[in-house]
Amino acid sequence: MKKYLIFGIMICSGFILHQACSSPNNTDKPTTVIINEKGKNVFKTYCILCHGADGKLGLNGAMDMTQSILTLEERIQVITNGRNTMAPYKGVLDEAEIKAVAEYTMIFKTIE
Ligand code: HEC
């Protein structure tokens with residue numbers, strides 16, 4: 001009886017080890033950068049005028065986006081409701097478009 005128990009434990013631990021070793025290791029996978037085409041298109045159409053293609057233009061006192069420290073949520077706020085000379089885009093863009101373009105503006109931080 002005891003023999004069977006030990007045999008059973010061996011099978012179980014063998015199975016666990018096998019699972020642990022064959023489980024995919026996600027940290028080794030190369031990270032894919034998904035280009036936010038929707039946000040890019042919205043930016044090109046509505047924002048480039050003042051902010052420039054690289055976000056640095058700063059026309060009419062528009063800020064250099066590469067220096068912006070705003071979070072995604074705060075950007076969505078500024079784009080939706082406007083701020084000082086920047087017009088609100090509430091009626092112009094829908095929520096998904098505003099979110100996409102806000103996400104797109106996050107990439108300027110990485111441009112020197
Ligand atoms: C008419 C010119 C103009 C256009 C067009 C414009 N902006 Fe702006 N934007 C500004 C100005 C000016 C400011 C600075 C506002 C302030 O002084 O409070 C600003 C600020 C911002 C900020 C805040 C940055 C920060 O760090 O505080 C974000 C984000 C932003 N704009 C995104 C956009 C997006 C996205 C679009 C297109 C949907 C857009 N802007 C279109 C002029 C413009």
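Every number for a ligand or one of its atoms is a count from 1 in the order of the listing. Since we're looking at a predicted model, the values are computed, not measured.
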Quiz prompt | Contact atoms of ligand 1, heavy-atom distance to V101 under 4.0 Å | solution = 35 (C)
Practice problem: Name the closest protein heavy atom to atom 41 (C) of ligand 1, giving the residue it belongs to and the distance to 0.1 Å. | Solution: Y89 OH, 3.5 Å
Quiz item: Do L49 and Y89 share a hydrophobic cluster, counting only Ile, Leu, Val, Met, Phe, Trp and Tyr and linking them when any side-chain heavy atoms are less than 4.5 Å apart?
Solution: no
Quiz item: How close does the nearest protein non-hydrogen atom get to atom 35 (C) of ligand 1, and which residue and atom is it?
Solution: I79 CD1, 3.4 Å
Quiz item: Do you know the tightest heavy-atom contact between P88 and T80?
Solution: CB-O, 3.3 Å
Exercise. Give yes or no for whether the N/O distance cutoff of 3.5 Å, strictly under, is met between S68 and ligand 1.
Key: yes
Quiz item: Which heavy atom of E103 sits nearest a heavy atom of N36, and at what distance?
Solution: CB-ND2, 3.6 Å
Self-check item: Heavy-atom pair with the smallest gap, counting every atom of T105 and M65
Solution: CG2-CE, 3.8 Å
Quiz item: Tell me: protein heavy atom nearest atom 38 (C) of ligand 1, and distance?
Solution: C47 SG, 2.7 Å
Quiz item: Of all the atoms in M86, is at least one N, O or S atom closer to atom 8 (Fe) of ligand 1 than 2.8 Å?
Solution: yes
Quiz item: Has E37 got more than 12 heavy atoms of other residues, nucleotides or ligands less than 6.0 Å from its CD?
Solution: yes
Quiz item: So which protein heavy atom does atom 3 (C) of ligand 1 come closest to, and at what separation?
Solution: C50 SG, 2.6 Å
Self-check item: Close-contact set for ligand 1 against G61 heavy atoms, below 4.0 Å
Solution: 12 (C), 14 (C)
Exercise. Do me a favour and list the nearest non-hydrogen protein atom to atom 23 (C) of ligand 1 with residue, atom name and distance?
Key: L70 CD1, 3.7 Å
Quiz item: What residue and atom, counting heavy atoms only, is the protein's closest point to atom 30 (C) of ligand 1, and at what distance?
Solution: M65 CE, 3.4 Å
Exercise. Would you tell me which option among R75, H51, R83, K44 has the nearest heavy-atom contact to atom 40 (N) of ligand 1?
Key: H51
Quiz item: Is any side-chain heavy atom of D54 less than 4.5 Å from a side-chain heavy atom of T66?
Solution: no
Self-check item: Minimum-distance protein heavy atom relative to atom 11 (C) of ligand 1
Solution: A62 CA, 3.3 Å
Practice problem: Tell me, with the steps shown, if D64 and K56 meet side chain to side chain contact (heavy atoms under 4.5 Å, CB included). | Solution: CA-CA 4 Å; D64 180 345; K56 286 187 184 177; 3.4 Å; yes
Self-check item: ILVMFWY network linking F43 to Y46, side-chain heavy atoms under 4.5 angstrom
Solution: yes
Practice problem: Identify, for atom 12 (C) of ligand 1, the protein heavy atom at the shortest distance, and state residue, atom and that distance. | Solution: T85 OG1, 3.2 Å
Quiz item: Which atoms of ligand 1 are found less than 4.0 Å from any heavy atom of N84?
Solution: 16 (C), 17 (O), 18 (O)
Quiz item: Do I48 and V42 belong together in a cluster built from hydrophobic side chains that touch within less than 4.5 Å?
Solution: yes
